[in-house]
Amino acid sequence: MSQTGNILVIGAGIAGMKASLMLAGASSKVYLVEKLPIIGGKVIKNEESFPNLECSTCMVAPIQQDVLQNPNIETLTYSVVEKIEGSAGDFSVVIRKRARYISLTDCIGCGMCYEPCPVSLKNEWEENLIDRKAIYVPCSGSLPNVPVIDSEHCLRIGGGEDCSLCAEACAFEAINLDDSDEIIEVNVGAVILATGSATFDLSSIPDLGYGTLPGVYAPMEFERLFASNGPTLGEITLRDSEKIPESVAIIHCVGRREQKYCSAVCCMYSFKFARFLKHKIPSVRVFNIYSDICVPGKSYQSFYRSVEGADTEMLYTSSIGDVSVSESGSGLKVSYPDAAVSPQSLNVDMVILAAALVADPDVAQLAEVAGVDLDPQGFIKTVLDGSGSMETSREGVFVAGTAEGPKDIQNSVVQAESAAGQVAEIMTSQASSS
Amino acid sequence: MSSIIIDTSASRGVTGLLKFLLESGKIDAALTMRNDPENNTYDFGLITDASNLDEAVPLIPVMTVNAGQVLSSISISRKKIAAVLKPCELRAFVELVKREKGSLENLLTISYTCGGVFPLDTVITGQIKELLPKYRKTILNGEIPVNTRDTCRACEHFIPMNADITVSVIGECEPGVGCVMHLNTERAVEFTEGFGGERSDRKFDPSTLKKTLDARLAEKEKLFASVTKDGPGLDRLLDTFGKCVGCHGCSSVCPICYCLLCDFESANFDYNLPYFEEHLSRKGALRLPPDTIFFHLGRLTHMSFSCVGCGMCSDVCPVDIPVAAMFKKTGEKTAALFDYLPGRDVEESIPVMVYKEEEFPDIG
Amino acid sequence: MKEFEMQESGQDRKLRAKVGVYICECGPNIAGKVDLDRIITDISELDDYQDVELVVKKYGFLCSAPGKEYLEEEINSNGFTHLVIGACSPRDHDSTFMGVCKKTDLNPYLYRIINIREHCSWVIDDKEKATVKAESYIRGGIARVLRQSELFEKPLDINPDVLIIGGGVAGMEAALSLSSDDRRVFLVEKTDRLGGVSIDLSGILPGQGEVIGKKIESVLGNGNIRVFLNTRVENVIGFLGNFEIELLSEENTEITEIMSGAIVVAAGGTLFDPRESDRYSYSGSDEVYTSLSIEKMFAGDDGAVLRSGKQPSSVALIHCVGREEKNYCSGICCSYMMKLACFFKKQSADIQVTEFYRDICLPKKNDQERFSEAQAAGVALIRIKDISLKGTNVSFERISGDKDKQSFDMVVLAPALEPSADTEYFADLLTVPLDEFGFFQEVHKMTNPVGTATDGVFIVGAAHGPKGVSDSMQFARASAGQILTRLIPGEKLIPEVAVTEISEAYCTGCGNCLEVCVYGAIYSDDSRGISVVNEAVCRGCGNCFGSCPSGALRTKHFTNTQLYREVDEALR
Amino acid sequence: MTDAQGKGAVLPVSKDPGDAILEFLRLAVAKELADAVILPMKVPSGDSFAWILMNDVSLFEGAVPIAAAMPVQGAKALRSLTRKGPGNLTVIAVMRPCEIRAAIELEKLGQVHTDNLILATYDCPGAIPLQKYVDDPGGSEEHFSLMRRSGKPDNTAKPVCHYCENFSMFDSDLHFGYFGFSEKEVLVIPGSDKGSELLKGLDLDLAKDLSDWKKGIDSLKAEREEARKSAFEETGEQLRGFSGMQSVFASCIGCHNCQSACPICYCRLCYFDSETAQQDPDALITAAAKRGGVSLPEDRIMFHVGRMTHMSLSCVSCGQCTDACPVSIPVAGVFSYVADRTQRTFEYEAGRNDGDPLPLRQFRKSELPGIHELVKNAESEEPSHE
């Protein structure tokens, strides 16, 4: 295909991967840029995804494989886009391929290089619930199954010391400690932004005790606690990694008041957590503290009904914004106003905060690079809002998934397919016109 | 060719030989009949471990399945197998080999002068227990044992054709004489090398065999007469096959009927309704399912000249149709036209599969 | 199954087979845990196969670039008839080595990858045991590959045109995004006008009325979109890329035949009938209205008034009508009820507007504004546990448990969205299953929500599930995305190769296979009384194969013989 | 089954119920309410019966509507006639209830098309085993006529008949009831609209109340159910564990007669006769080497187990398999026992014409608990085999 057949997709989550595969299938050359060393996005952090609690890996791994093996897709992991100049049909893009220090072709992911590394750090991908080395893969089953070196903390690269234990341990000479960033310039006809979202900054509501009270968890932390490839290998224990919680409170709508919107997924994942907890700890008591249940769409409410009562007790509060968590003995005390607006409280071992989905902190910078407008909530804005068009304020640049706003997997995929369609549309029209 | 004499009963002699062959690694497996005393049943055992030969009854006068049929499914292999077969089973197998349904290449065939077998129900009823002792005595004298299959009683090919080893049973299986094995082929000699027993050039005892033959031929005449009723014709066919229930058991146990799917069970014989309607309007009545007689005629044309008269078909017929006798009789007639004898010689080609100029001079 | 065997031992099997067995060391991953040299000698000395020559070798990293070149070179120079690779999981590199075969004369379906890493070296510590297991696996692989047969991809010409069923917003959106000079769109609408239910919905989006109007114009004005009004789809046969469709127009009762490569079902939805529940005493004749009829009123000139023509002085808006009955939340009612509330307030600030709701569900990032607007406009919001109506008298139980009564001039119900009446008809026509709620069942809830079991048929809008206008349009565009990236004018489609076939000789037409085929790939040939597979539709899932008692079915590349022989060998 | 008004019409009997039925059929054909009939007829040799499709009324004389033996399962006759489609002839078939039930199963499997068939059943006293009948037709007929009067199978009858509780009106279009009656009259009871139509056409009005007849039938049913219980207990004992299964089928010679006599086994080529089921010679000998030896022909027990899994849900316990077995294995006893359990598991009754699809063609969540139940029961009954 002609040069304009090239496409840039930023973000290798479910939306980015889907769009890339579709366009590659339409024989476009796709550059899929991912800032992390691995692809898969947020979905692979969930052991199981609602509403049917399908195994996320089983769902996503084949898609990841397809992406990695598709000859039309050039996946650039651990890379960032630094410039997007030009106009629709003819963008020139500058990508910084950060030094990974490990050859994607030679490494076979045997993992022999981690052991000898003397550095120990928190594993951010695992929500800091476990340590990692300076050379590491975020979690087992990562794809590509090739580690990366955290250059900042590596004794040799960051600290200038004379350490090459990892390189010595590698049987395949896959490690090149003198690797350096690479600047790649490509020419593309269209761009899809699928960089996803972040979770609400919980520490911004001190009353909920996140960060100060160890028993309080963010949703992603809990997802990893449950994950069988996670820090506890799927065993749900408190931070002392010994005590198994006997009672858990899940507080809904955290950040809704601040963000001024409903993220539409928190209720569902809260119920999923309840199911998880009961499944792993049959004796546990789970409380969902909520003021509104948002389970839109055909298949959500039936899951809610199956959990309600069976896996969790539902506690209504007249003002979810006024729920607070405090320390009480070895456990936690959750205080909330009930239906009659009279204060109630209950003691639990663990609290999970159902945090809102918010715009990714990096999106502002991306918006600058991509030259697109953001909406009041900080997500990437579509010009014809509500029309299903994924086109942004810059012609030829499209958005898909939670980068456009909070949504579930289904709607992310639907947007990815829409965006891919719009790109394919201009591609073919350009192909036929040129 | 030479022969071996072992001082034991014929049956023990054969079992001993099989043991020897397995232990000496000359064969990978032995095929012989076995007895399951617990359930009082018989089956074929494909035996690889000599110690399992204890329940073997190689010469038992019972045919649960025609060994030819069993062998065909296992003989196309590079494993060496020794098989103990009745003369008719061996002939059936040879017919199958001609049809690429088996191979003699890695096979050591052991057969014996056969006194005929008992019908299956004698086994089921346990009657066989009383019959067996008598059986031995009678065949010793070259007479025809009572209660054996009618086709066996009428079988004149009780001396194996082209077996590697022939165990002499009729006339000389008494302990005094011991077990006599005639080695008919190079292969036999080679395989029995190192096997005990006294070598000799002893020949069959012709007198008893002759006596048996005469008796059998007489029986055959009677048998054929019995199934002919008064003259041929469709009515007679109806009389005989009219009660056929169409289970096709006769063809499924027939060693020669090797087809996976019999033509008469194929779609060629599913009729559309117009067929029935048309017949009905012509005849006013017709039988369902159709083609009851046709099936037997068809089978006759397909295999009768290869029929070895083993009698399995009659034995499994749920309505006691003398299928075997009919087929044996027809078979001999058709085969005679081509001076053909089923199972006589592997090289002998199957009549309808070749065309010879000199066939039916009168046709030309 | 003789005829099968013969196919399986195709021409090349008649000649002397030459099987290449290449074992990947995968560095220490396999070589470290499995005694490859022993396997190589054992396998090379196998004498189980007459007329089969075995070439057994090992290599460092077969999946690496040089590894693939090496393999290609080996296949060409040795002229292998079959190839067995002992390496990692097929998930990792099956396609890699198939790719290598495709570059050579070796048919890729005469190759097989055997997983001796995940199954052996990675899970067994005892080298001896791992070696034995790996060897038996490889023996099995050889036994199987020898019974595999060449399969060939049969590219099909495709028709890029698209049939769209339903002329609502979703249908129109799909039509507009799909139509182009090299792709015609047939838009079939059963009523006499385009726009569907959205026409009656006033300003769900600001200026929506015009938006819909414009859409209709541009659809009608588009030369590449052919609109059929008052027309129903009579019959559909075919598969992705090649559908044959019969349309029946109501006016002239003649059949129009069209061809298309894909079908988008935008059959839309309808409102739950409040009569189905005794709770709402809905008759349709008194002052109790459905949201839709009120939308219509607002769309008109004199706004929402009582049957008497008078302004209501008090209005009750009741949410979640039918939510319990249907067991799903439609996800849009809260939003438009807030909007209606504001409309009443706009119409006259004196109207007392009260909303009775169970949960506020505002899943869109901008919906929250509606809520604030309503609050600001002084709309009373009452959260209830339970509610029932007698005419316009509302008795309800507050969340606090207190029971209460109020009466109003006018009551507006927000009924749930449910599948439209002809959903079942289309499900049957297009062999697309329905879900527990009677909506069309998607291929996969998350990763393929617009696709269906019948490849080439897509579901959008409220036919997929309860949806508002914008989501309907979003789904429409998603289906367009799939079609635009899969049905490219001038390109060919390659259907599944390892499909099922039915032996005409053995099939008795009992229809078991037909029942279990979710793709509608099997039909029964009544004249011959047998079942027949449409290879272009079959996906080779093998369901039917399992359902056949007489083994008349056979899924290519996964035949009983292949599987049994592999197991036989592996177990001996 | 729509004998809603609980009434039936009456046919006069001259010699035995069979003649009444014949007369009825003659009328039906004469009045062109049917084009032809299917009835059993003696074979030329006089020691068995065959199904005859006839429209020539003069031939009816030789027919025996209520035959003492069932050489060919009637459903097979119907299959051969209608497999390729219903055709244009309206045909009345008079058969045993188990034969009609088999036909209904076959229709679900696309092997029989009943559209133009009128299926008639009669009070069935049981059948004489084929072998017995062939050996002694005269004696068998005497026994049978006694059975017909009493409505009870005697010791000559097929074993399964003794505990068959579906011996009277089941899902047929028409039923001839005569049990518990003086041999003076036969009841004709419509079982479907087809049946009612026919009776109307013959101006037979449903005058007779059925309650007396029903009482008689029910008491007979009760007896048979008792017999069933004890028979199943016995079979259950015999079948305990694999060894039990083994000894029951020990004498099997693999002729597959049971399968070819079975009305439900509709496959052209049984899977177990197909190439795929046959072992590769080398593999077989290797397998033999493992165990020191194997029994041939292979899979003789596997065949029966396989056949069970394939057809037991549709088994109507007609007993043809036992009749056809050359080594007198009580095949029907075993299959009837297994069928009873599998069919209960899926709350399915073979031969019911209520539009219930075959269990294995549909999936109901509610099935699974049933299966758990079954497994539990089985476990509690089975002594562990360690």
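No experiment lies behind these values; they were computed from the predicted model shown. Lettering of chains follows the sequences in order, A, B, ..., and the numbering in each one begins at 1. Atoms considered below: every heavy atom in the structure, side chains included; atoms not considered: hydrogens, waters and symmetry mates.
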I'd like to know whether B/Asp121 forms a side-chain contact (heavy atoms from CB on, under 4.5 Å) with D/Ser328, so could you lay out the CA-CA distance, the side-chain angles of the two residues, the decisive distance to 0.1 Å, and finally the verdict. CA-CA 8 Å; B/Asp121 49 13; D/Ser328 324; 6.0 Å; no
Answer yes or no: is there a side-chain heavy-atom contact under 4.5 Å between [X] and [Y]?
| X | Y | result |
| --- | --- | --- |
| B/Ile74 | D/Leu296 | yes |
| B/Leu273 | D/Asn88 | no |
| D/Gln278 | B/Leu260 | yes |
| B/Arg34 | D/Ser295 | yes |

Check [X] against [Y] and note the closest heavy-atom contact, atom names and distance.
| X | Y | answer |
| --- | --- | --- |
| D/Ser80 | B/Pro289 | OG-CA, 3.6 Å |
| B/Ser77 | D/Asp282 | OG-OD1, 2.8 Å |
| D/Arg268 | B/Glu265 | NH1-O, 2.9 Å |
| D/Ile253 | B/Met312 | CD1-CE, 4.3 Å |

Under 4.5 Å from any heavy atom of chain D, what part of [X] do you find: side chain, backbone, both or neither?
| X | result |
| --- | --- |
| B/Val253 | side chain |
| B/Ser266 | backbone |
| B/Leu31 | side chain |
| B/Phe276 | side chain |
| B/Val70 | side chain |

Ranking B/Asn40, B/Leu261, B/Ile81, B/Leu120 by heavy-atom pairs under 4.5 Å to chain D gives rank one to B/Leu261
Let me know if [X] has heavy atoms under 4.5 Å from chain B in its side chain, its backbone, both or neither.
| X | result |
| --- | --- |
| D/Leu81 | both |
| D/Arg291 | backbone |
| D/Arg83 | side chain |
| D/Leu78 | neither |
| D/Ala250 | both |

Measure the spacing between [atom1] of [X] and [atom2] of [Y] and express it to the nearest 0.5 Å.
| X | Y | atom1 | atom2 | answer |
| --- | --- | --- | --- | --- |
| D/Leu53 | B/Glu277 | CG | CD | 9.5 Å |
| D/Ile285 | B/Arg78 | CD1 | CZ | 11.0 Å |
| B/Asp239 | D/Asp47 | CG | CG | 9.5 Å |
| B/Leu280 | D/Asn55 | CG | CG | 3.5 Å |
| D/Ser45 | B/Lys243 | OG | NZ | 5.0 Å |
| D/His256 | B/Cys247 | NE2 | SG | 13.0 Å |

With chain B as the partner, which of [options] has the greatest number of non-hydrogen pairs under 4.5 Å?
| options | answer |
| --- | --- |
| D/Asp56, D/Asp323, D/Val327 | D/Val327 |
| D/Ala77, D/Ala50, D/Ser48 | D/Ala77 |
| D/Ala289, D/Ala36, D/Ala324, D/Ala261 | D/Ala289 |
| D/Asn257, D/Thr286, D/Val134, D/Thr82 | D/Asn257 |

Between the side chains of D/Ser247 and B/Asn39, is a donor N or O closer than 3.5 angstrom to an acceptor N or O? no
Neighbourhood of chain D inside residues 44-51 of chain B, taking heavy atoms under 4.5 Å as contact: B/Phe44, B/Gly45, B/Leu46, B/Ile47, B/Thr48, B/Asp49
Can a donor-acceptor pair be found, under 3.5 Å and without considering hydrogens, that links the side chain of B/Asn52 to the backbone of D/Gly292? yes
Check: B/Thr41 side chain, D/Ser251 main-chain N or O, donor-acceptor pair, under 3.5 Å: no
With a 4.0 Å cut-off on N to O distance, would you call B/Asp270 and D/Lys84 a salt bridge? no
Does the pair B/Leu288 and D/Val72 meet the rule for a side-chain contact (heavy atoms from CB on, under 4.5 Å), with working shown? CA-CA 9 Å; B/Leu288 295 175; D/Val72 174; over 6 Å; no
More than 12 heavy atoms of other groups within 6.0 Å of B/Glu105 CD: no
